[in-house]
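In what follows, a structure is listed as structure tokens, so that the remarks can point back to it.
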Amino acid sequence: VSSYVLITPNETRRKQLQQIAKKELDDLERWKKEHRPGPIKLIPQRLGGKESEAQARQKQQMMLMQSKYQKKRKREEYVKAKKATEEAEILKKKAIQREKAERLEVKKRQQEMKRREMFLEDQYYKTNELLNRLDLGLPKSDSCQIANCGPESTAWARSHTYKQALREDENRRLEEMKQEQQRKAQLRELKQKQEEEARTRAHQNEQRRVNNAFLDRLQNKTEPNNICQPGYSG
């Protein structure tokens, strides 16, 4: 069980404190009355501008709406610029990858052409070597007439014709390969041009769509209030 001691208040001390407080409050009130500011005397004058209150409020509302639209337009332009930057970065990366793939494809085609040329050249040399072995002992002058030539002259003529046919076939293949490379280069250039035009049209359509949407929203907001903003048209 807790115990406590009750101390009786000192009435004399309490009264003294109350008297001191009352005296301080009275002094404060008296000081306020003595130092109260006097009346203010101003010369009457006309305040405000030439516009009425309704015109001033309408002008204030127009400025507020214009400020909102400007902030919104800046925000949309920032978002559009950021999106365009990201798209440009993506297109740049795609172009780099496409260029690498094209270089690799060109390198593969060149290697294939080189292998085919080496194969044709090796085949040509081997055929010439075989025909040269067959030509040993055969007459080299073409002064004899075909009517008086024997079997050796006929074999030599056939070998000579075969060599000429091989050279013509090799030249024809090389020319076809060159034409194929030129045709592929032209197709690749045409494809790149078409892709660039498609990207340009898509960007223009997106920009036109954003501008039309912004103008539609602006018109829908301004028509109910019959407020015509400067710098915009419906």
Side-chain angles (χ1 to χ4, degrees), residues 42 45-120 172-234:
L42 296 175
Q45 58 182 353
R46 183 181 179 85
L47 301 177
K50 297 180 181 180
E51 298 178 352
S52 63
E53 182 179 358
Q55 292 176 350
R57 290 191 179 278
Q58 185 178 4
K59 184 177 179 181
Q60 184 180 8
Q61 187 177 5
M62 288 177 61
M63 293 177 63
L64 180 62
M65 293 181 64
Q66 188 176 4
S67 176
K68 289 182 179 179
Y69 287 132
Q70 287 178 355
K71 290 180 181 179
K72 186 176 181 180
R73 187 174 65 253
K74 288 182 180 179
R75 184 167 61 251
E76 291 179 352
E77 290 177 354
Y78 171 76
V79 173
K80 185 167 64 177
K82 184 178 180 181
K83 186 177 179 181
T85 304
E86 293 175 354
E87 291 179 353
E89 189 69 22
I90 293 173
L91 291 176
K92 183 179 179 181
K93 291 181 180 179
K94 288 183 178 179
I96 292 174
Q97 295 297 328
R98 184 167 57 251
E99 186 178 357
K100 289 182 180 179
E102 290 177 355
R103 284 203 300 266
L104 182 61
E105 186 67 22
V106 170
K107 186 177 180 180
K108 288 182 179 179
R109 286 198 298 268
Q110 290 177 353
Q111 291 177 353
E112 183 65 23
M113 289 179 61
K114 189 175 181 180
R115 283 195 296 268
R116 291 181 63 181
E117 290 175 357
M118 292 176 65
F119 173 74
L120 293 174
R172 180 179 57 80
R173 289 181 180 178
L174 291 175
E175 185 65 25
E176 289 178 354
M177 291 174 65
K178 291 180 181 179
Q179 293 179 359
E180 182 68 20
Q181 293 298 325
Q182 291 178 358
R183 185 166 57 255
K184 288 183 178 180
Q186 292 175 357
L187 290 175
R188 184 167 59 252
E189 184 178 358
L190 179 61
K191 184 178 179 181
Q192 291 178 356
K193 185 177 180 180
Q194 290 176 353
E195 290 178 353
E196 184 67 25
E197 291 178 353
R199 285 195 298 268
T200 303
R201 286 195 300 269
H203 179 69
Q204 291 177 353
N205 292 334
E206 179 65 19
Q207 188 175 7
R208 190 179 299 111
R209 184 187 67 80
V210 172
N211 292 336
N212 290 334
F214 172 72
L215 292 176
D216 290 339
R217 291 195 301 269
L218 180 62
Q219 185 177 6
N220 293 331
K221 289 183 179 180
T222 54
E223 283 182 354
N225 296 327
N226 293 325
I227 298 176
C228 179
Q229 297 184 14
Y232 298 99
S233 61

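R57 pairs by the side-chain hydrogen bond (donor to acceptor under 3.5 Å, both in side chains) definition with E53, not counting sequence neighbours. Qualifying salt bridge (Lys or Arg N to Asp or Glu O under 4.0 Å) partners for E112, counting only residues two or more places apart in sequence or in other chains: R115. Scanning for side-chain hydrogen bond (donor to acceptor under 3.5 Å, both in side chains) contacts around R208 gives N205, with sequence neighbours left out.
Note on R209 versus E206: salt bridge recorded, some NZ/NE/NH1/NH2 to OD/OE distance being below 4.0 Å. A salt bridge is defined here as a Lys NZ or Arg NE, NH1 or NH2 lying under 4.0 Å from an Asp or Glu carboxylate O, and R199 with E196 meets this definition. Classification of E76 and R217 as a salt-bridged pair holds, one side-chain N sitting under 4.0 Å from a carboxylate O. Ion pairing between a basic and an acidic side chain is recognised when a charged N comes within 4.0 Å of a carboxylate O; E99 and R103 show such pairing.
The 12-atom threshold is not exceeded at CD of Q60, counting heavy atoms of other residues, nucleotides or ligands nearer than 6.0 Å. Summarising the local packing, CD of Q111 is surrounded by more than 12 heavy atoms from other residues, nucleotides or ligands at distances under 6.0 Å. Heavy atoms from other residues, nucleotides or ligands lying under 6.0 Å from NZ of K178 number 12 at most. Within a 6.0 Å sphere centred on NZ of K184, other residues, nucleotides and ligands contribute more than 12 heavy atoms.
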List the steps, then state whether side-chain contact (heavy atoms from CB on, under 4.5 Å) holds for K191 with E195.
CA-CA 6 Å; K191 184 178 179 181; E195 290 178 353; 3.4 Å; yes
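Between the CE atom in M118 and the CG atom in L120 there is a gap of 11.5 Å [rounded to 0.5 Å]. Rounding to the nearest 0.5 Å gives a distance of 10.5 Å between CG of N212 and CD of Q207. One finds the NZ atom of K193 at 6.0 Å from the CD atom of E197 (value rounded to the nearest 0.5 Å).
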